Amino acid sequence: MLIRDRETGSIWQQATGEALAGPLKGHQLALLSSEQTRWAGWRQDHPDSFVAVESPGHAGSWKAWLQQKVVARVLRYATSRVRGPGLLPNDNRLPSHEEVAGIRVAGEARAYPLSTLRSSSLLNDSLGGVPVAIVYDSAADRVRAFHRRWGKTCATLVLDGRFLINEERSMKWDLKGRAIEGTEKNLERIDVAREWWLGWSEFHPGTGVYPFRTGGAG
Amino acid sequence: MARTDSFPSGTYLAYLSFYLMTDAMDMISAGAAALAGGAALLPFLPPLAPRTAGPRLFYRLPAWQKVLVSVAAAAATASVIVRPESLIQWVALAATLSLGIHAFLYPHRILVALDFPRHSPATQAGLGNDACVLAEEIDDTACAWPLEILVPRHLINDRLGHTPVLAAY
């Protein structure tokens with residue numbers, strides 16, 4: 001998807017935040033490490049959170065109905081069946097609309113299919129020589145990734161109910177990576193991009209697909 | 001940060017132009033579709049002057065060039081995919097294609113970006129526990145944008161604390 005800003009008319013790439021054309025060409029929007037999750041999970045972690053809501057005048061209007069009932073459904077139907085053209089050959093290692101969690105660490109990109117994460121819940125992996133852990137929280141349907149090495153300590157993480165512990169069971173963190181016991185070191189979060197495979201592979205050519213390392217288009 | 005709208009990828013045009021290579025036998029029907037499509041496009045003609053100077057991306061082409069490409073696409077698509085047999089079918093087809101092309105040319109009129117929605121506290125939002133949200137926290141201020149209102153618009157221009165943010169689906 002491309003985005004145009006009203007002030008200058010510059011065109012921005014949604015996937016990377018880069019301005020492709022216009023007066024602001026070459027500028028880069030800062031990608032935030034936002035999270036796609038269920039509301040209950042987010043609210044539990046952030047009870048003071050706000051929620052963006054429709055304006056009262058718009059909420060019940062025909063425009064809102066048109067957008068939510070018609071436009072959204074047409075989009076969902078069409079975009080899940082149509083693959084838009086990209087600049088690179090199709091990478092057919094996964095179905096184009098397979099949901100993946102994409103991570104890029106130390107110059108190496110890897111996609112973790114959501115189907116694999118839902119069955120495994122926690123994966124200890126290594127990207128670019130950096131040990132990482134990918135955690136799937138089924139209650140909130142969200143994916144988080146953490147560094148699991150700090151200094152000379154490298155932990156192999158295990159899920160223990162709603163907590164993360166190391167194999168030796170000497171350290172414990174919550175699912176946000178905050179230290180609970182055995183250590184004062186919070187786990188460092190890694191940004192996770194939750195996308196369809198066609199989007200991740202288009203902007204990370206040569207990405208690996210767990211459990212394999214980098215690979216080219218099929 | 002500048003406020004934003006949606007915009008079509010120019011590479012879709014390459015696929016549309018493929019359909020211009022129609023069977024020669026269908027040129028008459030293609031011509032008829034072009035006339036009907038062109039007539040139906042007239043209400044959607046953009047202002048003649050581009051809003052800003054810049055690269056010659058499709059949507060910045062002069063109006064007559066846009067119409068030409070759109071009508072050709074409508075005609076070719078009609079003649080290849082659908083074979084109308086009566087005037088009413090031709091008009092209906094042209095109107096449908098015109099609306100589709102209009103949405104393609106001006107997606108920001110279909111996918112209307114939401115600007116600075118009201119922020120409701122979590123206790124008053126009335127959001128279901130299973131609602132999917134896109135959520136972010138900056139400087140101890142957290143906000144969640146439900147996908148139910150984000151997906152139909154694709155873009156929400158907002159502010160989190162003092163930081164302008166764009167929620168983009």
Side-chain angles (χ1 to χ4, degrees), chain A residues 1-12 14-15 17 20-25 29-30 32-43 45-56 58-59 63-64 66-76 84-87 140-142 194, chain B residues 1-9 11-12 14-15 51-52 54-55 57 59-60 108 110-112 114 117-138 140-156 158 165-169:
Chain A
M1 183 178 78
L2 298 177
I3 303 170
R4 175 175 57 89
D5 69 79
R6 294 179 200 143
E7 282 77 359
T8 70
S10 301
I11 306 299
W12 305 78
Q14 187 261 3
L20 303 179
L24 295 177
K25 179 178 177 178
L29 294 174
L32 299 173
S33 57
S34 51
E35 196 166 69
Q36 183 177 324
T37 176
R38 301 245 181 233
W39 168 237
W42 180 258
R43 185 178 177 178
D45 292 341
H46 303 88
D48 296 330
S49 173
F50 293 97
V51 180
V53 295
E54 298 268 19
S55 61
H58 185 265
K63 282 184 184 173
L66 188 70
Q67 282 180 329
Q68 284 172 15
K69 300 298 180 203
V70 179
V71 172
R73 288 188 182 175
V74 168
L75 281 176
R76 208 170 295 137
L87 296 178
D141 189 27
R142 64 186 163 197
R194 194 161 154 175
Chain B
M1 197 198 88
R3 295 183 302 165
T4 54
D5 292 317
S6 297
F7 179 78
S9 168
T11 51
Y12 282 104
Y15 278 61
R51 289 169 60 182
T52 60
L57 296 175
Y59 94 107
R60 288 203 180 88
H108 55 277
I110 306 295
L111 301 173
V112 181
L114 180 61
R118 187 170 63 87
H119 285 187
S120 168
T123 50
Q124 299 171 15
L127 207 54
N129 284 336
D130 283 342
C132 286
V133 301
L134 180 69
E136 176 62 67
E137 183 182 23
I138 297 177
D140 296 327
T141 304
C143 189
W145 293 272
L147 292 192
E148 191 184 24
I149 67 169
L150 176 60
V151 168
R153 296 176 172 83
H154 278 30
L155 297 173
I156 297 180
D158 206 342
V165 296
L166 171 70
Y169 174 75

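Given the structure is predicted, the values throughout are model-derived calculations rather than measurements. Every chain is numbered from 1, with letters handed out A, B, ... down the list of sequences.
Ala144(B) approaches Ser49(A) most closely through the heavy-atom pair N-OG, 3.9 Å. Scanning both residues, Ala52(A) and Pro117(B), for their nearest heavy atoms gives CB-CG, 3.8 Å.
Residue Gln124(B): no heavy atom, backbone or side chain, is found under 4.5 Å from chain A. In this structure, the portion of Ile138(B) lying under 4.5 Å from any heavy atom of chain A is its side chain and not its backbone.
Considering CG of Leu155(B) and CD1 of Ile3(A), their distance stands at 5.0 Å, rounded to 0.5 Å. To the nearest 0.5 angstrom, Leu127(B) atom CG is 6.0 Å from Trp39(A) atom CH2. The distance from atom CD of Glu137(B) to atom CH2 of Trp42(A), rounded to the nearest 0.5 Å, is 5.5 Å. The distance from atom CD of Gln36(A) to atom OH of Tyr169(B), rounded to the nearest 0.5 Å, is 7.5 Å. The structure places CG of Asp158(B) at 11.5 Å from CZ of Phe50(A), a figure rounded to the nearest 0.5 Å.
In terms of non-hydrogen atom pairs under 4.5 Å with chain A, the most contact-rich of Gly126(B), Ala135(B), Ala131(B) is Ala135(B). In terms of non-hydrogen atom pairs under 4.5 Å with chain B, the most contact-rich of Gly17(A), Ala30(A), Ser33(A), Gly41(A) is Ser33(A).
At a threshold of 4.5 Å between non-hydrogen side-chain atoms, the residues Val51(A) and Pro146(B) count as touching.
Between the Arg38(A) side chain and the Asp130(B) main chain, a donor and an acceptor come within less than 3.5 Å of each other. In this structure, Glu136(B) contributes its side chain and Ser34(A) its backbone to a donor-acceptor pair below 3.5 Å.
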Test side-chain contact (heavy atoms from CB on, under 4.5 Å) on Arg43(A) and Thr123(B); report intermediate values, then the result.
CA-CA 9 Å; Arg43(A) 185 178 177 178; Thr123(B) 50; 3.8 Å; yes

